[in-house]
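Scroll down for the structure; my scribbles are underneath it.
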Amino acid sequence: MRILVLGAGKMGSFFLDLLSFEHETAVFEKDPKRLRFTYNTLRFTSLEEIKEFKPELVINAVTMKYTIAAFNEVIPYLPKDCIISDIASVKTGLKAFYEQTGMHYVSSHPMFGPTFANLNQLSEENAIIISEGDFIGRIFFKDLYSKLGLNIYEYTFEEHDKTVAYSLSIPFVSTFVFAAVMKHQDAPGTTFKRHMRIAKGVLSEDDYLLQEILFNPYTHDRVAQIRTELKELLEIIDNKDADGMKAYLTKIRGNVRRDIEKA
């Protein structure tokens with residue numbers, strides 16, 4: 001298959017490395033410096049080169065801020081039967097966009113990134129494939145993610161964004177709060193050091209990515225839950241309520257235990 005990847009950033013390069021030995025691949029990237037580290041793939045910097053390549057599948061891996069803009073730029077140069085796809089972390093607005101293009105499309109979300117994941121061992125990582133869209137495209141990504149050992153889930157666009165609001169927004173906001181109140185520790189404990197590593201990883205992500213995840217329409221209610229829980233915990237602390245603390249710890253241990261059992 002002829003596959004065009006848009007963007008030679010972290011995830012774009014990951015997909016090129018993954019696909020270039022089994023498919024005819026090309027990458028379109030406006031910053032020539034990013035193309036220095038690509039190999040075994042065609043490197044395009046002009047739209048006419050895309051037209052000549054005639055891709056059968058396009059994987060849009062540009063920064064989320066420019067996902068739709070990148071599609072709008074290249075679609076006029078694509079064959080009508082080309083499948084267009086994205087790997088965006090938030091899908092808000094993408095369903096409507098895809099449907100108005102009149103093209104075959106597939107959307108997925110590999111729920112890992114180079115920041116935290118061991119890309120050579122992904123058996124504990126997950127991927128979501130949107131159940132709406134082109135059947136052949138969904139089969140392609142299902143096969144690809146299966147070869148990586150990823151756990152695959154199928155959701156609608158709406159279900160995906162609800163899931164992301166839970167699985168990403170809550171950890172991100174918790175990390176932001178930790179980073180906002182922390183002070184330098186000369187002799188940090190193990191727990192502090194672990195939280196610090198997580199904070200550094202999250203805060204190294206693109207600002208627009210963090211913004212879009214938190215501006216997800218389903219994020220507000222999840223963050224409001226944090227506020228409610230903090231209020232309850234603060235009351236227990238202020239009152240030095242030992243029984244209340246025991247009950248609270250029992251509750252949250254139960255939440256963690258149920259999550260481990262489901263896994």
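FYI, the numbering just counts along the sequence from 1. Hydrogens, waters and symmetry mates play no part in the numbers below; they use all other heavy atoms, side chains included. Note that the structure is a prediction, hence the values are computed from the model and not measured.
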For residues 132-142, which side-chain donor-acceptor pairs fall under 3.5 Å, sequence neighbours excluded?
from: E132; atom 1: OE1; to: F157; atom 2: N; distance (Å): 2.8
from: E132; atom 1: OE2; to: K95; atom 2: NZ; distance (Å): 2.7
from: D134; atom 1: OD1; to: H104; atom 2: ND1; distance (Å): 3.2
from: D134; atom 1: OD2; to: I136; atom 2: N; distance (Å): 3.0
from: D134; atom 1: OD2; to: G137; atom 2: N; distance (Å): 2.8
from: R138; atom 1: NH1; to: S131; atom 2: O; distance (Å): 3.3
from: R138; atom 1: NH1; to: G133; atom 2: O; distance (Å): 2.8

Please list every donor-acceptor pair under 3.5 Å in which a side-chain atom of residues 77-88 meets a protein atom from a residue at least two apart or in another chain.
from: S85; atom 1: OG; to: V58; atom 2: O; distance (Å): 2.7
from: D86; atom 1: OD1; to: Y98; atom 2: OH; distance (Å): 2.5
from: D86; atom 1: OD1; to: S107; atom 2: OG; distance (Å): 2.7
from: D86; atom 1: OD2; to: A88; atom 2: N; distance (Å): 2.9
from: D86; atom 1: OD2; to: K91; atom 2: NZ; distance (Å): 2.6
from: D86; atom 1: OD2; to: S107; atom 2: OG; distance (Å): 3.3

Please report, to 0.1 Å, the donor-acceptor pairs under 3.5 Å made by any side chain of residues 11-25, with sequence neighbours excluded.
from: S13; atom 1: OG; to: A8; atom 2: O; distance (Å): 3.2
from: S13; atom 1: OG; to: G9; atom 2: O; distance (Å): 2.8
from: S20; atom 1: OG; to: L16; atom 2: O; distance (Å): 3.0
from: H23; atom 1: ND1; to: M1; atom 2: N; distance (Å): 3.4
from: T25; atom 1: OG1; to: T41; atom 2: OG1; distance (Å): 2.7

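Side-chain contact between L6 and V74: present, with at least one pair of heavy atoms (C-beta onward) separated by less than 4.5 Å. Side-chain contact between E154 and I128 is absent, with no heavy-atom pair separated by less than 4.5 Å. Contact check for L94 versus I68: side-chain heavy atoms found under the 4.5 Å cut-off. Between M196 and K200 there is a side-chain heavy-atom pair separated by less than 4.5 Å. Counting heavy atoms from C-beta on, the side chains of V202 and L210 come closer than 4.5 Å. Residues I152 and S146 form a side-chain contact, since some pair of their non-hydrogen atoms from C-beta on lies under 4.5 Å apart. The shortest distance between side-chain heavy atoms of L4 and L57 does not fall below 4.5 Å.
Remark: D241 pairs with no residue by the side-chain hydrogen bond (donor to acceptor under 3.5 Å, both in side chains) rule, at least two apart or across chains. K30 is linked by a salt bridge (Lys or Arg N to Asp or Glu O under 4.0 Å) to E73, counting only residues two or more places apart in sequence or in another chain. In this structure K246 satisfies the side-chain hydrogen bond (donor to acceptor under 3.5 Å, both in side chains) test with no other residue, sequence neighbours excluded. Considering only residues two or more places apart in sequence or on other chains, N126 meets the side-chain hydrogen bond (donor to acceptor under 3.5 Å, both in side chains) condition with N151.
By the 4.0 Å N-to-carboxylate-O rule, E232 lies close enough to K251 to be salt-bridged with it.
Note on M182 and I226: separate hydrophobic clusters, where clusters join Ile, Leu, Val, Met, Phe, Trp and Tyr whose side-chain heavy atoms are under 4.5 Å apart, directly or indirectly. Tracing side-chain contacts under 4.5 Å through hydrophobic residues (I, L, V, M, F, W, Y), one reaches L203 starting from I198; they form part of the same cluster. Hydrophobic clustering of Ile, Leu, Val, Met, Phe, Trp and Tyr side chains at less than 4.5 Å, counting indirect connections, unites L214 with Y166.
Within the structure, ring pair (Phe, Tyr, Trp, His ring centres under 6.0 Å) pairs that include any residue of residues 199-222 do not occur (at least two apart or interchain). Under the ring pair (Phe, Tyr, Trp, His ring centres under 6.0 Å) criterion, the residue pairs touching residues 186-205 are F178-F192, F178-H195, with sequence neighbours excluded. For residues 47-70, the set of pairs meeting the side-chain hydrogen bond (donor to acceptor under 3.5 Å, both in side chains) definition, not counting sequence neighbours, comprises S46-E49.
Residues N216 and S169 have side chains that never bring a donor and an acceptor to within less than 3.5 angstrom of each other.
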Q: Show your working on side-chain contact (heavy atoms from CB on, under 4.5 Å) between F44 and L35 and close with a plain yes or no.
A: CA-CA 9 Å; F44 297 159; L35 296 174; over 6 Å; no
Q: Please test I59 against I3 for side-chain contact (heavy atoms from CB on, under 4.5 Å), starting from the C-alpha separation and ending with a verdict.
A: CA-CA 7 Å; I59 301 176; I3 300 173; 4.0 Å; yes
Q: Might you work through the side-chain contact (heavy atoms from CB on, under 4.5 Å) test for M111 and E125, ending with a clear yes or no?
A: CA-CA 7 Å; M111 296 185 71; E125 305 293 343; over 6 Å; no
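Of the possible donor and acceptor atoms, none in the side chain of R222 sits under 3.5 Å from a partner among the backbone N and O of I170. A distance-only check finds a donor-acceptor pair linking the side chain of Q100 to the backbone of F97 [under 3.5 Å]. Remark: the backbone N or O of E29 is not paired with any side-chain donor or acceptor of R34 at under 3.5 angstrom. In this structure, R36 contributes its side chain and K33 its backbone to a donor-acceptor pair below 3.5 Å.
Cluster partners of L249 are L233, I236, I237, M245, Y248, I252, counting Ile, Leu, Val, Met, Phe, Trp and Tyr whose side-chain heavy atoms approach within less than 4.5 Å, directly or via other members. L234 belongs to no multi-residue hydrophobic cluster, having no ILVMFWY side-chain contact under 4.5 Å with any other such residue.
Here H160 contributes atom NE2 and E158 contributes atom CD; the two are 12.5 Å apart, rounded to the nearest 0.5 Å. Atom CD of E229 and atom CD of Q225 lie 7.5 Å apart (nearest 0.5 Å). Here the CZ-CG distance, from F28 to L42, works out to 14.0 Å after rounding to the nearest 0.5 Å. The distance from atom CG of D161 to atom CD of E212, rounded to the nearest 0.5 Å, is 10.0 Å.
Heavy-atom neighbours of D207 CG from other residues, nucleotides or ligands within 6.0 Å: at or below the threshold of 12. No more than 12 heavy atoms of other residues, nucleotides or ligands lie within 6.0 Å of CG in D243, so this atom counts as exposed by the packing criterion.
Here the shortest heavy-atom pairing between A61 and G7 reads CB-O, 4.5 Å. The two atoms that bring L150 and A127 nearest to each other are CD1-CB, 3.9 Å, heavy atoms only. Taking each heavy atom of V164 and S89 in turn, the nearest pair found is CG2-O, 3.4 Å.
Using cut-offs of 30° and 60° for the angle between ring planes, the Y155 and Y153 rings count as parallel.
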